[in-house]
Number of protein chains: 2
Amino acid sequence: MGRTTGTTGIDDVARAAGVSASTVSRVMNGRAGVDAALAERVRTAASSLGYRPNPLARSLVLGRTQTIAVVVPDLANPTFQGMLRGVTLAAARDGYRVLVADTSEDAAAEEAIVRETRQRCDAVVLCSPRMASDVLIAAVAALDPVVVINREVPGIPGVSADYRVGIVELLEHLATLGHRRLVYAAGSPSSASDAARRAGLADFALARPDVEVLTVEAGATFGDGAAAASVVVESGATGVVAFNDLVAMGVLASLAAQGIAVPAEVSVVGFDDIPFAAFTTPALTTAAVPVGELGELAWRRLAARFAGEEPEGDVMLRPELRVRASSGPVRTVISPAAGAGAGAGAETGAGRS
Amino acid sequence: MGRTTGTTGIDDVARAAGVSASTVSRVMNGRAGVDAALAERVRTAASSLGYRPNPLARSLVLGRTQTIAVVVPDLANPTFQGMLRGVTLAAARDGYRVLVADTSEDAAAEEAIVRETRQRCDAVVLCSPRMASDVLIAAVAALDPVVVINREVPGIPGVSADYRVGIVELLEHLATLGHRRLVYAAGSPSSASDAARRAGLADFALARPDVEVLTVEAGATFGDGAAAASVVVESGATGVVAFNDLVAMGVLASLAAQGIAVPAEVSVVGFDDIPFAAFTTPALTTAAVPVGELGELAWRRLAARFAGEEPEGDVMLRPELRVRASSGPVRTVISPAAGAGAGAGAETGAGRS
DNA sequence: TTGAAAGCGTTACCAG
DNA sequence: CTGGTAACGCTTTCAA
């Protein structure tokens, strides 16, 4: 009846203003059809009591929380940080808040986490979900207002970056520079976006049969890149396309340690354009994935759904080639391998996306 | 009465199990004193109906949401990303979720955002709040379960990194290497953590009167660092302590552009140890601020409060010196300035903390 | 041990 | 235009 908790409730305001709770509610929600004088009295009472409608109670009766969940595999990954930021900023503009959940790359725990967080929200954004396709498809059905970033799910609209086209741009860039023997330092085979990249590799192979592209299994981290560098050297390739910028940085570091000049002897390109890609030595040529936009777009889909609009089709954002100093024309042929050169083993919270 | 929304509610389960809602509630909450057979029947009914207690309704009646808010000035800043991650992971372990809010460095809007998000949660973590001290003090009182990171607020327990001690470690490191003329590329005067650093500068001045430390107003970004580099060169200093890693990276880039060798001619050290500090060229010596731990600690304070424990005093985490390749012994004296060398102007979402 | 009923703080429907 | 009165979905006394 009002004074149960320390908070001032709608009844307190109603009493102070000498009206009913209904009227206070109407005034607080700006609903038309309230006598101006009364409304003013209510507003005065409300502000003098410092009344703030309890969002929880509103949510319960309204059936919406004004909150959406964003689930990411790893908050330390720049890619997901960017998506989270994009969603958060866009949602905030429309008065929505974001509940964030980090699944710690645990594909098995993912579904439970998603369901749990979804229950407290009006919708959920799944960033590069790791769960198996069948699980994902089933889960998504129960999540309804949901948008998936960077993973195709039949039936539900998704927003993704076009990794397939992006890698082709990178390959073409190197081919144009005269490279004819390249290596792709691949990511995890279980990565959906790596599959897209490999599809791009195939596209490219058809279009440019004169360019040879070897694939070496690397991974998604700096250490993986460093480890893969030796294979690159042995292969005699003049250019390497890394799964992502982190891997590229690992390659860069290992190459530098072996005294191999970039891009004079070997060109190195990454993928993603993480915030620090511009600051490596040499600055990294890469394909920029507009993670912020992906997040923003994800929000727009949700906002549209909330507004009762029909779901649109999938959106594919094309990565943008950013040519920097790490790639250049073919000059010399590197000398056939010397050592096994492992390189640094640093670990940074980033990786697959 | 149950079937209003499409969701299955407690009444549906009760009906299916042939018991009352009270019993279902008791079973779902594992409250003792329910007939084993009945309990089993309830559990069966619940799972077969896919029943999930509505967290909102529980929150309303229980008075707790199992959610805390984390408010940061800028989600693009690695420092805050780290704190957010620390809080999120720690809270998740205890079954709490995190609502995130980005104030976009808007000191004026901060208070409203904080109040708003706080209302939906059980507590709030303020990361390096930008609002004026008096506003902060007043706000914090109304927020109650609250912990502030990296900013002192009389009366409420805070967790911070000891920027004052950290910068002294950096200065001592350079002094030990033989440097006698240093410059501090300062951050924004309005930054609380920069004030702490300047206090450290004063401490150091007293302890090492033989070392000269000039202060040049720089800023918190890569561009600020690049711009400040020329002043450093002109000053004839052999070492520069940057406000943070980003500024240090800017200095590094500008120095490299001018052909000044690091650390042979000038040593450069940063602050924070952001994830990429280890990957600059040369790798950056810095003082590591344990942002993840700060976040985790913030959660612990909150968890303790929830458990009814008394608030402890402030916690100060000491930054850890990370010596890498960008700092070295004094060798040569740099030649008195040549050009104004501005340098890159890249912008990265990072900065004050 | 179990159930009925009274809220938790709002909003919305329906009379007046 | 305003005020009762039901919900929203759940937990928790209070009786039985």
Side-chain angles (χ1 to χ4, degrees), chain A residues 1-43 45-46 49-67 116 118-122, chain B residues 1-43 45-46 49-67 116 118-122:
Chain A
M1 190 159 260
R3 204 229 321 64
T4 312
T5 50
T7 338
T8 61
I10 197 171
D11 286 322
D12 299 300
V13 179
R15 210 170 304 121
V19 298
S20 75
S22 315
T23 299
V24 176
S25 174
R26 282 190 275 257
V27 173
M28 296 306 290
N29 293 294
R31 236 169 262 332
V34 179
D35 181 86
L38 257 197
E40 196 43 43
R41 228 163 69 208
V42 170
R43 264 186 288 271
L49 289 178
Y51 170 65
R52 316 272 300 168
N54 181 328
L56 239 54
R58 300 195 72 228
S59 295
L60 186 59
V61 63
L62 258 17
R64 57 187 164 73
T65 60
Q66 212 78 335
T67 302
E116 213 278 319
R118 171 63 183 83
Q119 260 207 308
R120 313 179 167 279
C121 301
D122 300 339
Chain B
M1 193 161 259
R3 205 234 317 60
T4 310
T5 52
T7 339
T8 60
I10 197 171
D11 287 321
D12 299 301
V13 180
R15 210 170 305 121
V19 299
S20 76
S22 318
T23 299
V24 176
S25 174
R26 283 190 272 257
V27 173
M28 296 306 290
N29 293 295
R31 238 168 261 332
V34 180
D35 181 86
L38 257 196
E40 195 43 41
R41 229 162 69 208
V42 170
R43 263 185 289 271
L49 289 177
Y51 171 64
R52 315 273 300 168
N54 181 328
L56 238 57
R58 301 195 71 228
S59 293
L60 186 59
V61 61
L62 258 16
R64 56 188 164 73
T65 60
Q66 213 78 334
T67 302
E116 212 278 319
R118 171 63 183 85
Q119 257 207 311
R120 311 178 169 280
C121 302
D122 300 339

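A note on names: the letters A, B, ... follow the listed sequences, proteins ahead of strands, and every chain is numbered from 1.
Straight-line distance from the CG atom of A:L38 to the P atom of D:dC1: 11 Å, rounded to whole Å. The CG atom of A:D11 sits 11 Å away from the P atom of D:dG4 (whole-angstrom rounding). To the nearest angstrom, P of D:dT11 lies 13 Å from CG of B:L56. Put simply, CD on B:E40 is 13 Å from P on C:dT2, counting in whole angstrom units. At whole-Å resolution of the value, CG in B:L49 and P in D:dG9 are 15 Å apart. With rounding to whole Å, B:Q119 atom CD is found 12 Å from C:dG9 atom P. Atom pair B:N29:CG and D:dT12:P shows a separation of 7 Å (rounding to whole Å applied). One can place CZ of B:R15 at 13 Å from P of C:dA4, the figure rounded to the nearest angstrom.
Taking every side-chain heavy atom of B:R26 into account, C:dG3 is the closest of D:dC10, C:dG3, C:dC13. Of the candidates C:dT2, D:dT12, C:dG3, C:dG3 carries the atom nearest the B:V19 side chain, counting heavy atoms from C-beta on. Closest approach to the A:I10 side chain among C:dT10, D:dG4, D:dG9 is made by C:dT10 (side chain taken as heavy atoms from C-beta onward). Distances from the side chain of B:V61 to the nucleotides D:dT11, C:dT10, C:dT1 place D:dT11 closest.
Direction change of the helix axis from one end of the helix from C:dT1-D:dA16 to C:dG16-D:dC1 to the other is 50°, with five pairs defining each end axis (rounded to 10°).
In this structure the side chain of A:S20 reaches within 4.5 angstrom of the side chain of A:T23, judged on heavy atoms. Within the 4.5 Å cutoff, side-chain heavy atoms of A:V24 are placed close to those of A:V19.
Of all the heavy atoms in B:D122 and B:G63, the pair that sits closest is OD1-O, 4.4 Å. Looking at every heavy atom in both residues, B:G50 comes nearest to B:T8 through O-OG1, 4.1 Å.
Comparing A:M28 and B:V34 by the nucleotide of DNA chain C whose heavy atom lies nearest to each, the residue mapping closer to the 5' end is B:V34.
Between the side chain of A:S22 and the base of D:dG4 there is at least one donor-acceptor pair of N/O atoms closer than 3.5 Å. Not a single donor-acceptor contact under 3.5 angstrom links the side-chain atoms of A:R52 to the base of C:dG9.
Atom CZ of residue B:R120 and atom CG of residue A:N54 lie 9.5 Å apart, to the nearest 0.5 angstrom. For the atom pair SG of B:C121 and CD of B:E116, the computed distance is 9.5 Å after rounding to the nearest 0.5 Å.
Residue-level contact check: B:L60 touches the bases, meaning some heavy atom is under 4.0 Å from a base atom.
Contact annotation: A:N54 side-chain N/O to C:dC8 OP1/OP2 distance is not under 4.0 Å. In terms of phosphate contacts, B:R31 brings a side-chain nitrogen or oxygen within less than 4.0 Å of OP1 or OP2 of D:dT12. Of the side-chain N and O atoms in B:R58, none sit less than 4.0 angstrom from OP1 or OP2 of D:dC10. Using a 4.0 Å cut-off, no side-chain N or O of B:S20 falls inside it from OP1 or OP2 of C:dT2.
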What side-chain donor-acceptor pairs closer than 3.5 Å can you find for residues 26-36 of chain A, not counting sequence neighbours?
unit_1: A:N29; atom_1: OD1; unit_2: A:R58; atom_2: NH2; d: 2.7
unit_1: A:N29; atom_1: ND2; unit_2: A:S25; atom_2: O; d: 2.7
unit_1: A:N29; atom_1: ND2; unit_2: A:S25; atom_2: OG; d: 3.4
unit_1: A:D35; atom_1: OD2; unit_2: A:A37; atom_2: N; d: 3.0
unit_1: A:D35; atom_1: OD2; unit_2: A:L38; atom_2: N; d: 3.1

Begin with the C-alpha distance, continue with both residues' side-chain angles, and end with the deciding distance and a verdict on side-chain contact (heavy atoms from CB on, under 4.5 Å) for A:T65 and B:L56.
CA-CA 9 Å; A:T65 60; B:L56 238 57; 3.8 Å; yes
